[in-house]
Amino acid sequence: MGRRSVTGESSSRRRTRRLGRPFFDRPTVTVARALLGSELRVRDADGVRRARIVETEAYVANDPASHAYRGPTPRNRSMFEAPGTLYVYRIHQVDCANLVTRRGEAVLLRSGEPLSPQEGNPSGPGRLCRYLGLGLADDGANARRSRRVGVWSRARRPGRIVVGPRVGLSRARARLLRFAIDGDPWVSAPRLRSGSVRRDLIPPRRRTSAV
DNA sequence: CTTCAGATTATCT
DNA sequence: GATAATCTGAAGT
């Protein structure tokens, strides 16, 4: 905790913009990859918290691991709203945030690099929300329009993207729908390593311990 | 109404 | 690596 990585600035700067419908209204895997390197901003009375997204997971149609798998319920209602909607849920006393892509599909924001002056650890979906001040109250807000929450395009290119199995699931373990910036120190455990997973290969089920 | 597993994390061996 | 914490949503009776 309290670490801040040095992120070679200035060299390949880009103009950033708030991401809108064309960004979110695409296949979920596309959005999950495109979100890497983008910036999440949450405004409150004290100012703006910012984090650079370094790890995501895709939850797609007909996905047994998705909260939307059995159709709309009171909890997952936001997953069936417009692209860019925040779906925030609570598990084991922590809140986790998703961005909706297409109907019933979303991208879980798994970890980020802290960009605000405030120290903190946004590595892990619960910690990311806590660092940014995101919570259940934000469920249903739309990041395309919200004054409080927004996603901003990459200021610089991310490095290589690595792919692997999603974390913490008991079902659909074989699907490679977790994406991260290779080597980024803020990627959550278990760490993905380049070359450790073949994108086109479905690994056999393991009895214990993932990755 | 009751049961139960869970898109996590802190802490221990 | 393994487990407890701690509680809610959703499915079952």
**Rounded distance in Å - CZ (Arg175(A)) to P (dA7(B))** = 15 Å
**Asked** Is the aromatic ring of Tyr89(A) within stacking range of dA7(B), meaning centres under 5.5 angstrom and planes under 30 degrees?
**Response** no
**Asked** Can you tell me how far P of dA7(B) sits from CZ of Arg110(A), to the nearest Å?
**Response** 11 Å
**Item:** Salt-bridge contact Arg103(A)-Glu105(A) (side-chain N to carboxylate O under 4.0 Å)
**Value:** no
**Asked** Hey, does Arg70(A) reach any base, or is it just sugar-phosphate, or nothing, if we go heavy atoms under 4.0 Å?
**Response** sugar-phosphate
**Prompt:** Is there a donor-acceptor contact under 3.5 Å from the side chain of Thr56(A) to the main chain of Ala32(A)?
**Reply:** yes
**Item:** Pairing of Asp95(A) and Arg130(A) as salt bridge, 4.0 angstrom limit
**Value:** no
**Asked** Using a cut-off of 4.0 Å on non-hydrogen atoms, how would the nucleic acid contact of Arg130(A) be classed: base, sugar-phosphate, or nothing?
**Response** sugar-phosphate
**ILVMFWY cluster, Val151(A) and Leu108(A) together (side-chain gap under 4.5 Å)** = no
**Prompt:** What is the distance, rounded to the nearest whole Å, between atom CD of Glu105(A) and atom P of dA7(B)?
**Reply:** 17 Å
**Message:** When you measure from the side-chain N and O atoms of Ser170(A) to the phosphate of dA5(B), is any distance below 4.0 Å, counting only OP1 and OP2?
**Reply:** no
**Request:** Assess Arg144(A) against Phe24(A): is NZ or CZ under 6.0 Å from the centre of the six-membered ring, and within 45 degrees of the ring's axis?
**Result:** no
**Asked** Picking from dA7(B), dG6(B), dA10(C), which would you name as closest to the side chain of Ser66(A)?
**Response** dA7(B)
**Message:** Between Arg75(A) and dA10(C), is there a contact of a side-chain N or O with OP1 or OP2 at under 4.0 Å?
**Reply:** yes
**Asked** Where does DNA chain B pair, written as one dot-bracket string 5' to 3', with Watson-Crick or G-U pairs under 3.5 Å, ( ) inside the strand, [ ] for crossing pairs and | for another strand?
**Response** ||||||.|||||.
**Prompt:** NA contact type, Glu57(A), heavy-atom cut-off 4.0 Å: base, sugar-phosphate, or nothing?
**Reply:** nothing
**Message:** Checking Glu55(A) against Ser188(A): is there a side-chain donor and acceptor pair closer than 3.5 Å?
**Reply:** yes
**Message:** What is the distance, to the nearest angstrom, from the OH atom on Tyr69(A) to the C1' atom on dA5(B)?
**Reply:** 17 Å
**Nearest-neighbour nucleotide for the Gln93(A) side chain, dT9(B), dA7(B), dC7(C) considered** = dC7(C)
**Length of the CZ-P vector between Arg173(A) and dA7(B), whole Å** = 12 Å
**Distance, nearest 0.5 Å, that separates CZ of Arg102(A) from OG1 of Thr30(A)** = 8.0 Å
**Prompt:** Could you give the CD1-to-P distance, from Ile91(A) to dT8(C), as a whole number of Å?
**Reply:** 13 Å
**Message:** I want to verify a distance call: between dT9(B), dA10(C), dA7(B), whose nearest atom is closest to the Val94(A) side chain?
**Reply:** dT9(B)
**Asked** Given atom NE2 of His92(A) and atom P of dT9(B), what is their separation to the nearest angstrom?
**Response** 11 Å
**Request:** In whole angstrom, give me the gap between the P atoms of dA5(B) and dT3(C).
**Result:** 16 Å
**Rounded interatomic separation in angstrom, taking CG from Asp139(A) and P from dG9(C)** = 11 Å
**Asked** Do Arg49(A) and Asp44(A) sit within salt-bridge range, that is, some charged N less than 4.0 Å from a carboxylate O?
**Response** no
